[in-house]
Every structure is written in structure tokens, then in C-alpha cells.
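First the structure, in the form of C-alpha cells, and then the observations on it.
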Amino acid sequence: MRMSAFFLPTLKETPTEAQIVSHRLMLRAGMIRQTSAGIYSWLPLGWRVLRRIEQIVREEQDAAGAQEVLMPTIQSADLWRESGRYDDYGKEMLRITDRHEREMLYGPTNEEMITDIFRTFVKSYRQLPLNLYHIQWKFRDEIRPRFGVMRGREFLMKDAYSFDIDAAGAKRSYQAMFLAYLRTFARMGLKAIPMRADTGPIGGDLSHEFIILAETGESGVFCDKQWLDLDVLAEAPNHGDDLQAFFDRFTSIYAATDEKHDADDPSTPKDLVSARGIEVGHIFYFGTKYSKPMNAAVAGPDGEPVLVEMGSYGIGVSRLVAAIIEASHDENGIIWPDAVAPFKVGLINLKPGDAETDRVCGDLYAGLGASGVDVLYDDRDERPGVKFADMDLIGLPWHLVVGPRGLKNGTVELKRRATGAREELSVEAALAKLIA
RNA sequence: CGGGGCGUGGCGCAGUCUGGUAGCGCGCCAGUUUUGGGUACUGGAGGCCCCCGGUUCGAAUCCGGGCGCCCCGACCA
């Protein structure tokens, strides 16, 4: 993409409404545009990142055996009456009336709808286990939306729902999602720590919040120091393996949000890290909470109907965009982890109009593109300072700087955004390094 | 929802107390200049001053009523 043609409305100054760094940077980098409180349009740069994140989530859900569906945003109130949640959910649910005076709602979550789909089509235990997920916009009419897309009212969420014939199966489904979550966040360059969470009326140990440590996090958290150096991907087993040992290991290292933290509990380690955290995922097992009122049962081996055991598993996809920025930025702007970067390389032409510089940039742009490398080519007729500042702001992992001064010696400069490390390379070497 | 604050060109703000033809910086357009970290100069475009009503010869400014947004607290991916 040529920057001269790319719709990238960056801002030099920070809009007053933005308080936290991710919100400020998303506005300044031209990623989003607020349309009303807690509701945002995604501009090209932001949309690219959102899609990258979404795709990682999708791949890890698929790898864990979940199957993607897509349910609507608008739901009928009837389903929610059946589960009893229509009245329980309260004002957070946006209620709508259609032209026939039918009561509808903009879905804040999809347990009822997925359970309805399930009970319609699944009739035998032999069709289990089943895990269905979708990535869809949700609406929760938060009392006070804030922090940009971190706590929006409309947000993109991945929600998965597992169905099993018994509690043991449900536990295996839960463990598979637990693993998928650790892998998902690790792939995005995040350290997400699973923390014991409130299980509600079900009890047991089967609910975890996945928390990213960040100063601007909304919850206070406590965890064992060893979490800080843990390499989850290195220890992660494969799906299909027995996950019990892995699950036991990662749930035994202490981590709790302040609601669940108990400093007086003898099992609480002394060597604790106290920090702030952002919740990016939440998984829980809830048994027959929905299958019972909605009568989602299958025939068991003996032919008798059995209520299915369910769990649900959420990831805040749009929130992750902000969470990643909170975890990865500096005073100059965003630092995208490679896996979610909107472009891999920012190619800076320091002197458009200079024949040699234009030629080399053109070659690099074409060469990278031909190898499938996403490049944002700054071919604008702007001062070098403007280009450097914009490139740092939008945080692409690699900056390839081409100007007459370097070309005199046959070199271009390659800068790593995260470290600031620069090296002078020949054009061919730079190309080879970025394609590798 | 309780408490606080703010709505003035795209962004950041001044002007409001004390009514009198709407201003600054950035950005944008044109030109000159400059050319490796937001260059300088000149000229220009762009505003129902959130909305409705009232007071007044005259309202961004005063009065009444709405709406929107932000911040602090209780809830959440």
C-alpha cells in the first residue's frame, strides 16, 4: 500500500477525550473514530489489526476442534424469556421493538441462541462433544463506557460454547479451550495469565479469567512471580494429548484477581507480584444452567434423554487491540508485535523525486510485495521528520529507510521498531532479511 | 445511576465573569524555501460558536429547557 493513497488520518495532537495510552494512540494513529459513547468506526489501519487478531483467534479455535458459525446480532426476546434471563439481565441489554411491536434485543451474548440451535439438530450423545463458536459484534449498554475500545458498548467478541454428555467431557472441553487461550494470547506476543475467577452458582475450579498485566488495567491482580518468566508455548502440549497434567501445572501457579485474592490463605505464596491487569478472556463451565430450562437433551447410550453439560468461552477481540497497545508502546507510539501488525514493513522514501531513491524504493516495494510481505510505502512528498514520526506512531515492526545519502554508499537503513536497533545494509541484504 | 467537568473551523485551545461585526496554534490548499527526526516565509480556504426558546437595538457571552461528550465511583470480553 502506498501511503500517498492510504486513508490514514493521523493526528499530531491528542484529542482531550482520550485518557489512556491505547485510546490516545488509536486515535492519533487513525485507527478508530468514535461515533457515540462506546461505539466506534474502524478505519483502515485499525481494521487491519482487528482482522489479524481475529484470524489468530480463529486459527486457535479451529485447532482446538471448535467449529465456526455466525449468529445474528439481533435476537428475539422469546429465547431469553425461556432461559429466564430476559428479566435478569437488566439495563445492560439493549432492547429494541420492531415494527410489529415484537420485542427484540441486540445480543450481549449468545448462550440461548446457540442452545436453541443445538437442541434443534443434535439428538444423540454420539454427536458429542461439540464446540461451536462465532466472532460477532456484541452490545452491552455499559453504565459508563470508557477507555476507547477497551470498554466500549459495541465490541467484537469470540464466544465459543461446548456441549458434552457428562461433566468429565465438559472438563476436557474446558481444558482444550484453556490451552487454546494460552496459545492464542502467546501468539499475539502477550503474556496472559489465567486467574481463578468467580464460578457463580456452579462452584468448583472451572472458571478462569485471562489477564494481561498492564498499568492501566481495570482490575487489581496478584500472581506468583514465576508467571513473569513462564514460556507457555514452550510447555504447551498438542490438542488431542491428555491435557490434565498441563492444566494442573498452569492452574497450580498462583494467580488471582483482587476479588478472589486471599492474602491470609496459607496456600497463597509469599513471593507475590501485585499488579493491574486487563481481562481479555474468560472461560467457564456452567453445567446445565441453560440446557435445563431450554431442554437441550440428547439420547444417552441407554436411550434415555440426558441434559447436556455446557461451557462458554469468551475472548474480547476488539479489546485485544487496545490491550496489545497498552502492553506494547513507547513515547513515540505503538509497537506492534509481528503477529498482529497491520503491515510488516514501513518503507520510507526520504526524497521522493530523486530518481535513484525512487527507483530503489520502487524495487523494494515490488520485491517485498512479490514475496507476500505487507508493506506500507511512504511515498509522500513530506519532510523526513514527518515520515519518521508517523512511522513510529503507527508502530510497524520494521522500518526500511531509503535516501540519497545511504544510496551513495549503496546502503539502506533497516530499523527494528521495538528496540530502535538500526543497521546499514545493501538493498539485496535488506530485502533478503525481510523476506526470510 | 450518584458526584464533577466540558461542548467555539479537522485537532488543541482563548474569548463567556463585564453582551457590540469570532480569534490563536497545529493541520489543510497554493507558492517560495528547506531536504536524514514534525523546516521557514508569504498568501488562502474553512465556523448553524451543540440544539430549541426567551431577554435585548444587538447574544458564543445573560435566562429557561433539551441533547451530547469526558472524568471519579458501583458492573463487565
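Sequence lines set the chain letters: A, B, ... in the order given, protein chains first and strands last, and positions in each chain run from 1. We use all heavy atoms of the structure for the numbers below, so side chains are in, but hydrogens, waters and symmetry mates are not.
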Cation-pi, [Y] ring and [X] (6.0 angstrom, 45 degrees):
X: A/Arg319; Y: A/Phe155; answer: no
X: A/Arg417; Y: A/Trp398; answer: no
X: A/Arg383; Y: A/Phe388; answer: no
X: A/Arg81; Y: A/Tyr86; answer: yes

Determine the Euclidean distance between corresponding [atom1] atoms of [M] and [N]; express it in Å to zero decimal places.
N: B/rU33; M: B/rU16; atom1: P; result: 43 Å
N: B/rA59; M: B/rC67; atom1: P; result: 25 Å
N: B/rC11; M: B/rA30; atom1: C1'; result: 22 Å
N: B/rC41; M: B/rG4; atom1: C1'; result: 46 Å
N: B/rG7; M: B/rG66; atom1: C1'; result: 14 Å
N: B/rC24; M: B/rG47; atom1: P; result: 16 Å
N: B/rA14; M: B/rG9; atom1: C1'; result: 15 Å
N: B/rG25; M: B/rA40; atom1: C1'; result: 16 Å

Just say parallel, tilted or perpendicular for the rings of [X] and [Y], cut-offs at 30° and 60°.
X: A/Tyr181; Y: A/Phe185; value: perpendicular
X: A/His23; Y: A/Tyr40; value: perpendicular
X: A/Tyr89; Y: A/Trp80; value: perpendicular

Using Watson-Crick or G-U wobble geometry with both distances under 3.5 Å, which nucleotide pairs with [N]?
N: B/rG47; answer: none
N: B/rA59; answer: none
N: B/rC69; answer: B/rG5
N: B/rA14; answer: none

Base, sugar-phosphate, or nothing: which does [X] touch, judged by heavy atoms less than 4.0 Å apart?
X: A/Glu209; value: nothing
X: A/Thr16; value: sugar-phosphate
X: A/Gly403; value: base
X: A/Val317; value: nothing
X: A/Leu350; value: base
X: A/Asp390; value: base
X: A/Met391; value: nothing
X: A/Arg153; value: nothing
X: A/Gly152; value: base
X: A/Ala37; value: sugar-phosphate

Do you know which of A/Glu59, A/Glu60, A/Glu235 makes salt bridge (charged side-chain N to carboxylate O under 4.0 Å, His left out) with A/Arg183?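 That would be A/Glu60.
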Among A/Tyr285, A/Phe250, A/Phe210, A/Tyr313, the one residue meeting ring-ring contact (aromatic ring centres under 6.0 Å, His included) with A/Phe178: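 For A/Phe178, the ring-ring contact (aromatic ring centres under 6.0 Å, His included) test succeeds with only one of A/Tyr285, A/Phe250, A/Phe210, A/Tyr313, which is A/Phe210.
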A/Lys433: partners by salt bridge (charged side-chain N to carboxylate O under 4.0 Å, His left out), with sequence neighbours left out: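 Scan of A/Lys433 (salt bridge (charged side-chain N to carboxylate O under 4.0 Å, His left out), adjacent residues dropped) gives A/Glu423.
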Go nucleotide by nucleotide along RNA chain B from the 5' end; which of A/Glu13 and A/Ile315 gets its closest nucleotide reached first?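 With A/Glu13 and A/Ile315 compared, the 5'-side residue is A/Glu13.
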5' priority, RNA chain B, between A/Met157 and A/Pro404 [closest heavy atom]: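 This one resolves to A/Pro404.
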So where does chain A start and stop touching RNA chain B, 5' to 3', when the test is distance under 4.0 Å to a non-hydrogen atom?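 Extent of the interface on RNA chain B: B/rC1 to B/rA77.
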Where along residues 377-387 of chain A does a heavy atom come under 4.0 Å from RNA chain B, residue by residue in number order?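 Those residues are A/Arg383, A/Pro384, A/Gly385, A/Val386.
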Give the C-alpha distance, both sets of side-chain angles, the deciding distance and a yes or no for ring pair (Phe, Tyr, Trp, His ring centres under 6.0 Å) between A/Phe6 and A/Phe343. CA-CA 12 Å; A/Phe6 190 47; A/Phe343 298 90; 5.5 Å; yes
